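Presented below is the structure to which this report refers.
Naming convention: chains lettered A, B, ... in sequence-line order (proteins, then strands); numbering from 1 in each chain. Since we're looking at a predicted model, the values are computed, not measured.
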Number of protein chains: 2
Amino acid sequence: MAVSREQILDAAIRHLNASPTASMAQIAEAAGISRATLHRHFSSRDDLVVELGRRALDRWERAQDEAGIAETGAGPADLRATLMALIEGEVGVAEEHGFTLTVETTSEELLARSAELERRELAFIEACQRAGVLRSDLPAVWVSSSIYGLLVALRESLRRGEIAPREATRLMVESFLRGASDKGDLS
Amino acid sequence: MAVSREQILDAAIRHLNASPTASMAQIAEAAGISRATLHRHFSSRDDLVVELGRRALDRWERAQDEAGIAETGAGPADLRATLMALIEGEVGVAEEHGFTLTVETTSEELLARSAELERRELAFIEACQRAGVLRSDLPAVWVSSSIYGLLVALRESLRRGEIAPREATRLMVESFLRGASDKGDLS
DNA sequence: CTAATTTGCGACAATACTGTCTCACTCTAT
DNA sequence: ATAGAGTGAGACAGTATTGTCGCAAATTAG
């Protein structure tokens, strides 16, 4: 087996991120396999896209669970540590994170799961705000959105080779938490 | 004339942002016109996409020019004012900003212009870093990228109706410059 | 080495999309 | 009222994409 199913999914999501209208033939080429083989793994283009979305949500959910956003304590220290772990986990799956929102499917399953994960993340951010870990003068839904946006930027920067992978987490955390303003500057 | 050319472009970019693989028929429906009329304005799908990209780049360039990033002074105060004006201008065209990078065309013209605008923006950010307006411990190219990412997030939030349009600039500036961390929290 | 599995390749029909055209209809300005 | 411009609806051929199939070649396992 030259190219595994996972490798196909990796190549597919990378190619679809850069080129959302890609055909099955183009995706197969990007994965280095023939169109027939691609169809053997995924019966239709929609099947592939749904599978991609499912995997993206799986990984996002896993990042939330491993950070422990549900069972974390209410103290600032706990919340801060959990927040760092969450961001770190999401940086690890930055490739997928942008995909779920660009997803071109009418799959109820994906939409429902996506909404649930957003809900959980929002609740956690609100907890961080109440504990004084995150600013309360920004809407929680916007804070959540800004994480998403920065992850998209991160994915693009990595794809273009503009930043080093080992720097990714640091850049993400710094930009998200502290912003780009020089502290010495008169705010 | 029920629907003007500009209105068609507005509807098209909005629909393509949410659904990049949309067909001409779907775009026409989103614009509230017939497929024939859409073809009267844009001879082909590629023509439409290139036109959309051109307009996006026009507006981005205008935002840069009106902020005056080329002829601004070298002092921190000048640079800071110019930076605020630039971000404000870009927030006004958030709808388009994400489009240029998702653009699915091989148009040399668009790619060249996009590269040039990125180059100009990067140079300005580096100037801000040298003057102590923006942090120097983050790569300028990442700072530039993070603006792009936050604009994408802003566009999505506005589209979903999660934030008020009048709040857009404030949220963008606060997140970009100061980040989401609560200042009272032990950093 | 051999059998089994998997792959690439080409062919194929079915479908979807594109771009063009005609014609009837609806506006609007005069 | 009426001429003119613009529109929607539908038909149309041409093209691209999709999904399926058979078969030969290659890979892998035993």
Using nucleotides 12-18 of chain C, report all nitrogen or oxygen pairs with the protein that are shorter than 3.5 Å.
| residue | atom | partner | partner atom | Å |
| --- | --- | --- | --- | --- |
| C/dT18 | OP2 | B/M24 | N | 3.0 |

Indicate if B/I87 and B/V93 have the same hydrophobic cluster label, given that clusters are the connected sets of ILVMFWY residues with side-chain heavy-atom separations under 4.5 angstrom.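 Per the 4.5 Å side-chain linkage, B/I87 and B/V93 are not co-clustered.
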Does [atom1] belonging to [X] count more than 12 external heavy atoms closer than 6.0 Å?
X	atom1	result
A/E51	CD	yes
A/E29	CD	no
B/R170	CZ	yes

Whole-Å distance between [N] [atom2] and [X] [atom1]?
X	N	atom1	atom2	answer
A/F42	D/dT18	CZ	P	15 Å
B/L38	C/dC21	CG	C1'	16 Å
A/R40	D/dC23	CZ	P	14 Å
A/D47	D/dT20	CG	P	10 Å
B/R5	D/dT7	CZ	C1'	17 Å
A/L48	D/dG19	CG	P	10 Å
A/H41	D/dT20	NE2	P	15 Å

Might you work through the side chain to side chain contact (heavy atoms under 4.5 Å, CB included) test for A/E71 and A/D78, ending with a clear yes or no? CA-CA 10 Å; A/E71 64 270 6; A/D78 279 347; over 6 Å; no
In terms of side-chain heavy atoms, does A/S145 have a donor or acceptor partner in B/S157 at a distance below 3.5 Å?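 A pair is found: one side chain offers a donor N or O, the other an acceptor, under 3.5 Å apart.
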Is the B/H97 ring parallel, tilted or perpendicular to the B/W60 ring (thresholds 30°, 60°)?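 Correct class here is perpendicular.
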To the nearest 0.5 Å, what is the distance between CG (B/L150) and CG (A/L150)?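 It is 4.5 Å, given to the nearest 0.5 Å.
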State, yes or no, whether a side-chain contact exists between B/D10 and B/R55 at a heavy-atom distance under 4.5 Å.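 Of all side-chain heavy-atom pairs linking B/R55 with B/D10, at least one is under 4.5 Å.
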When the C1' atoms of the five terminal pairs at each end define the local axes, what inter-axis angle does the helix from C/dC1-D/dG30 to C/dT30-D/dA1 show, to 10 degrees?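 Answer for the end axes of this duplex: 40°.
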Does A/T37 put a side-chain nitrogen or oxygen below 4.0 Å from OP1 or OP2 of C/dG8?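 Indeed, a polar side-chain atom of A/T37 lies that close.
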